[in-house]
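For reference, the structure is listed below as structure tokens.
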Amino acid sequence: MIVTAQGWMVGLWLALIVSTVLLTTNRVRRHWMLVFITGAGGYFLWRAIPGMSLNRLDGQAALIWPAVQKASWLGFHNGLWWGSWVGVSSLTVQLFHAVTPLVGTGSAGALGAGALLGIAAVIAIYAVGNRVAGRRGAGIAAVSALVADSFRLEVGVGTSIPVLALAATLFLYAVHVCLTRTTRQEIILLAGAGSLMCLADPTWIPGVVIAIVVMALAYAPAGQRMRVLGVGLLALALLTLPNRTSTADQNGGDPLADINHEIRFARNVEFAGQSRYGAPSLAAFKRDPTGTGNPVGLGDYLFVDHSVPVAVGATLTGGYKAISSFAVREETKLAGLLVFVLMVGGLAYLLILPRLRMLFIIPLVVSAPSLFLASRHAILPFEAGMGIWPSLLVGSGVLVYAISRSIENQARARLRGFHFGRYSFPAIGTGCRQKLSGPSAGTLVPTVVECDQNRATPITAAELAETRDSTSI
């Protein structure tokens, strides 16, 4: 199949769709920036696809797309919600199959599906940025995602990168919802987003469970914490049950077969030929990297084959490699460097804010197994870092928001007035001045000009977080 649609056509089509949705919901004046971001994203993410449509799929895309072609809408083993695939991301197969009516089932469809889901991820990043840091922060976060070469160059080649980014961003949105208010409704939302994380990468399942426990016990109202926790865990179990049941039915009754498959490969990569921890010989590993050696689970590999200090250190090493991979800038050069600096600075700023720091800590806990695997060269660092990448983007938006607000406040303070002798003029154009000293100090002396008070603006989530008790989590 040959793709003839050009990047500008796709960008215009997507911009029209987004503008129509915003017009329908009466939000186009507030989020007009999203229309341009979506259009630009459609152009940049699609522009290389026509020239690559005749190329053969390779790498991860060569494993994902055959599964997409065999997927169905309602099948128990290969359906949209309850299907399961070992060796590839189940959510990637499901979402790629969902957009096949738009991109087709030919090999070029893998490239188009990745580009469209990449745009969906950028829109989700804008939504999270808008919730945390307003429209200004949302624009910075979304533009940073498009400028990042490591993301933009990966979404159009048929890998799972855009789906992982989308799932992680939706989960980050749910985490922020729970930071502001954690009741049964919010914890169910977190469980729903967490189920997408479990489908996207099964090694994230333990971290999602930990996230629900932490959010329920730390932020639910006193006296309701155990009830909220139970509702969250029950919702997660019900939402992931179809996928786990399908996995068990296809793999001899093992509901964690997809996790064990990935862990066995990582163990074989690290210990093959060393006659330790049930790893195969080098010859057997070369013949079958994933099917040789003794079976091993995630817990045994992390904490039996390795000590706890080694596991923690390797996870941090994987995190360092992942963040370093975000700095790739083959095309953007200076703009890419600026975006990376903003991301790192935004991360540092998030970590000093009382509640907003959880926007990085929770995704880091969820991503810990994949970061450990990246340190053992079992998966690529950028793929392993998809769980924390949206946090850095949102952090860049929060940082720019905070800096710009500080500049605006300083400028407003300078325009607010000046001191002359015993009098202070509160603001330019105001109708009163205050006496600073003398018998009637503190009294207001009227002037000729009428008072013009500044209009109050609603406090944003970023400002709200800065007013929290610094001793809170």
> Please, which pairs that meet ring pair (Phe, Tyr, Trp, His ring centres under 6.0 Å) have at least one residue in residues 57-80, sequence neighbours excluded?
Replying inline: W73-H97
[atom1]/[X] to [atom2]/[Y] distance, rounded to the nearest 0.5 angstrom?
X    : Y    : atom1 : atom2 : value
L190 : M197 : CG    : CE    : 10.0 Å
T182 : L179 : OG1   : CG    : 7.0 Å
K333 : L338 : NZ    : CG    : 15.5 Å
S281 : R287 : OG    : CZ    : 6.0 Å
L172 : I388 : CG    : CD1   : 11.5 Å

With side chains defined as the heavy atoms from C-beta onward, is the minimum distance between [X] and [Y] less than 4.5 Å?
X    : Y    : result
L347 : I323 : yes
I140 : Y401 : no
H176 : L356 : yes
V312 : V308 : yes
L298 : P369 : yes
H377 : K321 : yes
T38  : V122 : no
L236 : V209 : yes

Between [X] and [Y], does any side-chain donor sit less than 3.5 Å from a side-chain acceptor?
X    : Y    : result
Q250 : S246 : yes
T317 : R376 : no
Q60  : S160 : yes
R136 : S404 : yes

Kindly say whether [Y] contributes a backbone atom to a donor-acceptor pair with the side chain of [X] at under 3.5 angstrom?
X    : Y    : result
R56  : A62  : no
N130 : A138 : no
Q410 : I407 : no
S406 : A402 : no
S367 : S370 : no
N251 : D254 : no
T332 : A335 : no
R184 : V228 : no
S375 : G318 : no
N268 : G293 : no

> If you look only at pairs with a residue in residues 190-218, which of them pass as a salt bridge (Lys or Arg N to Asp or Glu O under 4.0 Å), with sequence neighbours excluded?
Replying inline: none
Can you give me the closest heavy-atom contact between [X] and [Y], atom names plus distance?
X    : Y    : value
T292 : R264 : O-CD, 3.5 Å
L45  : G118 : CD1-C, 4.0 Å
R225 : A216 : CG-O, 3.6 Å

Tell me every residue that passes ring pair (Phe, Tyr, Trp, His ring centres under 6.0 Å) with [X], counting only those two or more places apart in sequence or in another chain.
X    : answer
Y277 : F271
H31  : Y126
F151 : W389

> Given L350 and M358, is the side chain to side chain contact (heavy atoms under 4.5 Å, CB included) satisfied, shown in steps?
Replying inline: CA-CA 8 Å; L350 278 183; M358 300 301 289; over 6 Å; no
>> Can you list everything that forms a side-chain contact (heavy atoms from CB on, under 4.5 Å) with A40? Sequence neighbours excluded, please.
In response: F44
> By side-chain contact (heavy atoms from CB on, under 4.5 Å), which residues pair with A374, not counting sequence neighbours?
Replying inline: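 In terms of side-chain contact (heavy atoms from CB on, under 4.5 Å), with neighbours along the sequence ignored, A374 is linked to I379, A384.
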>> V269 vs F265, test: side chain to side chain contact (heavy atoms under 4.5 Å, CB included). Steps then yes/no.
In response: CA-CA 6 Å; V269 168; F265 172 72; 3.6 Å; yes
>> Could you walk me through whether T169 and Y173 satisfy the side chain to side chain contact (heavy atoms under 4.5 Å, CB included) test, starting with their C-alpha distance in whole Å, then the side-chain angles of each, then the deciding distance to 0.1 Å, before giving a yes or no?
In response: CA-CA 6 Å; T169 304; Y173 187 96; 6.0 Å; no
> Of the options L166, I362, V128, which is the one that meets F171 in a side-chain contact (heavy atoms from CB on, under 4.5 Å)?
Replying inline: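 Per the side-chain contact (heavy atoms from CB on, under 4.5 Å) rule, the option paired with F171 is I362, out of L166, I362, V128.
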> So V296 and N260, side chain to side chain contact (heavy atoms under 4.5 Å, CB included) or not? Walk me through it.
Replying inline: CA-CA 6 Å; V296 61; N260 297 335; over 6 Å; no
> Can you list the residues that meet the side-chain hydrogen bond (donor to acceptor under 3.5 Å, both in side chains) rule with D305, with sequence neighbours excluded?
Replying inline: none
>> Taking side-chain hydrogen bond (donor to acceptor under 3.5 Å, both in side chains) as the definition, give me every residue that meets it alongside S89, ordered by chain and number, with sequence neighbours left out.
In response: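 side-chain hydrogen bond (donor to acceptor under 3.5 Å, both in side chains) check on S89 returns T92.
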> Does the pair R227 and T183 meet the rule for a side-chain hydrogen bond (donor to acceptor under 3.5 Å, both in side chains), with working shown?
Replying inline: CA-CA 9 Å; R227 183 180 303 174; T183 62; over 6 Å; no
Partner set under salt bridge (charged side-chain N to carboxylate O under 4.0 Å, His left out) for [X], not counting sequence neighbours:
X    : value
R276 : none
R329 : none
D149 : R152

> Is a salt bridge present between D249 and R244, judged by a nitrogen-to-oxygen distance below 4.0 Å?
Replying inline: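 The answer is no: the pair does not qualify as a salt bridge.
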> So, do F326 and F340 have ring centers that fall under 6.0 Å from each other?
Replying inline: no
More than 12 heavy atoms from other groups under 6.0 Å of [atom1] on [X]:
X    : atom1 : value
F360 : CZ    : yes
R47  : CZ    : yes
E330 : CD    : no
K70  : NZ    : no

